[in-house]
Amino acid sequence: MQATTKIILDLDTGIDDALALAYALGSPELELIGVTATYGNVLVDTGVRNDLALLELFGASEVPVFAGEPHALAKDNFEVLEISEFIHGRNGIGEVEVPDAQRAVEAQSAVDFLIESVRTYGDELIIVPTGAMTNIAAAMQRSPEFAQHARIVFMGGALTVPGNVSPWAEANINQDPEAADFMVRNGADVTMIGLDVTLQTLLTTAETQQWRALGTKAGEFLADATDYYIRAYETTAPHLGGCGLHDPLAVGVAVDPTLVSLLPMHLKVDTEGATRGRTIGNEEKIGAPNPNARVAVAVDTQRFLTEFMDRVGRVARGFDAQA
Ligand code: BDR
Ligand code: CA
């Protein structure tokens, strides 16, 4: 039997988060041990609802879901940005209706689950945050052992290209720059999958049509939600010619780091002034040994897209087909 890597997804579910979930479930190398909910594309409560509903739709009702911190470390509330609603829809999944799941969220908090999981599994576990980094920073602040042992592959940031919510800031970092800064400075093993590479991995309706043609509920959902996302990109970034597969690429790298070229460095996030939310090298540690972070600066686009269609396709063919 193939050895599996345990994985936790920390999602703000979100259409590309949903695709990341499908990618993880369709990857035989991965065992999804839990989904923790963060905020960004949606509020935490909506994220929890979507996670439970999509896990059921994808035939993975056994995977537990944990509610995370509802807002940034330095704030006491959070409201979804207009641009996020435009891209993902008010319900986060492109206004596609998916029935509520038959089960409820776990009683344990996301932060406690993250800490406990790293304690239990150590480096057999990879954590993939694809929304605001608040849960991860909170876990690091509460448990130095977590910061020391957690292996993190996060979607967020932009090193060599502009941001997508401001000229400097990418959306996930922008939600909570203090949390992201804490994470990249204090995590012992942090990999950044930012816009540098995720905007090179694009999907079009030619691919979503393949899912729709399967005639399954999962395939229909994946096609309809992703088409909504593609239409939003036609307005916000028409030059790209497709939608960015941000969050699935982070899961792809968790399975196979050779999909990207990684630049080792000491990272930081600007938390003040016009560049608030920018991911950049830490000027106090230029040339310092043993960088704790790696930033993806190139991607094997074709190989990733093949892996993506293969893995998400397994989930899209899914459980209607087996019934
Ligand atoms: C990131 O922001 C969210 O809208 C997406 O789900 C992705 O995680 C892209 O900047
Ligand atoms: Ca996301």
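It should be emphasised that the depicted structure is a prediction, and the values quoted were computed from it without experimental measurement. Remember, it's 1-based here, ligands and their atoms both numbered in the order they're listed.
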Requested in this report: Could you find the nearest protein heavy atom to atom 6 (O) of ligand 1 and give me its residue, atom name and distance?
Outcome: Asp16 OD1, 2.5 Å
Query - NZ/NE/NH1/NH2 to OD/OE distance under 4.0 Å, Arg314 and Asp310 - result: yes
**Report entry** N/O separation below 3.5 Å, Asp247 to ligand 1
**Finding:** yes
**Report entry** Under 4.0 Å to a heavy atom of Glu170 - the qualifying atoms of ligand 1, by number
**Finding:** 1 (C), 2 (O), 9 (C), 10 (O)
Query raised in the report: Any side-chain heavy atom of Ile8 within less than 4.5 Å of one from Ser117?
Result: yes
Report task. Assess whether side chain to side chain contact (heavy atoms under 4.5 Å, CB included) is satisfied between Leu30 and Val251, documenting all intermediate values. Result -> CA-CA 10 Å; Leu30 296 179; Val251 178; 3.9 Å; yes
**Report entry** Test item: Tyr229 and His88 side chains (from C-beta on) under 4.5 Å apart, heavy atoms
**Finding:** yes
Report summary line: Looking only at protein heavy atoms, what sits closest to atom 2 (O) of ligand 1 is Asn172 OD1, 3.3 Å
**Report entry** ligand 1-proximal atoms of Thr198, by part, heavy-atom distance under 4.0 Å
**Finding:** neither
Query raised in the report: Given Phe146 and Gln141, is the side chain to side chain contact (heavy atoms under 4.5 Å, CB included) satisfied, shown in steps?
Result: CA-CA 9 Å; Phe146 176 89; Gln141 290 178 354; over 6 Å; no
Requested in this report: Report the angle formed at the Ca ion (ligand 2) by atom OD1 of Asp12 and atom OD2 of Asp17, rounding to the nearest 10°.
Outcome: 70°
Requested in this report: Please report the C-alpha distance between His246 and Asp16 in whole Å, then the side-chain angles of each, then the deciding distance to 0.1 Å, and finally whether the side chain to side chain donor-acceptor pair (under 3.5 Å) criterion is met.
Outcome: CA-CA 7 Å; His246 307 287; Asp16 61 324; 4.9 Å; no
Report task. Heavy-atom contacts with Met155 under 4.0 Å: which atoms of ligand 1 show up? List them by number with element. Result -> 1 (C), 7 (C), 8 (O), 9 (C)
Report summary line: Honestly, for Ile87 the part within reach of ligand 1 (heavy atoms, under 4.0 Å) is neither
**Report entry** Verdict with reasoning, Glu106 to Val65, per side chain to side chain contact (heavy atoms under 4.5 Å, CB included)
**Finding:** CA-CA 6 Å; Glu106 303 297 311; Val65 175; 5.7 Å; no
**Report entry** Thr130 atom O and Asp247 atom OD2 as seen from the Ca ion (ligand 2), angle to 10 degrees
**Finding:** 100°
Report summary line: protein heavy-atom neighbour closest to atom 4 (O) of ligand 1 works out as Asn41 OD1, 2.6 Å
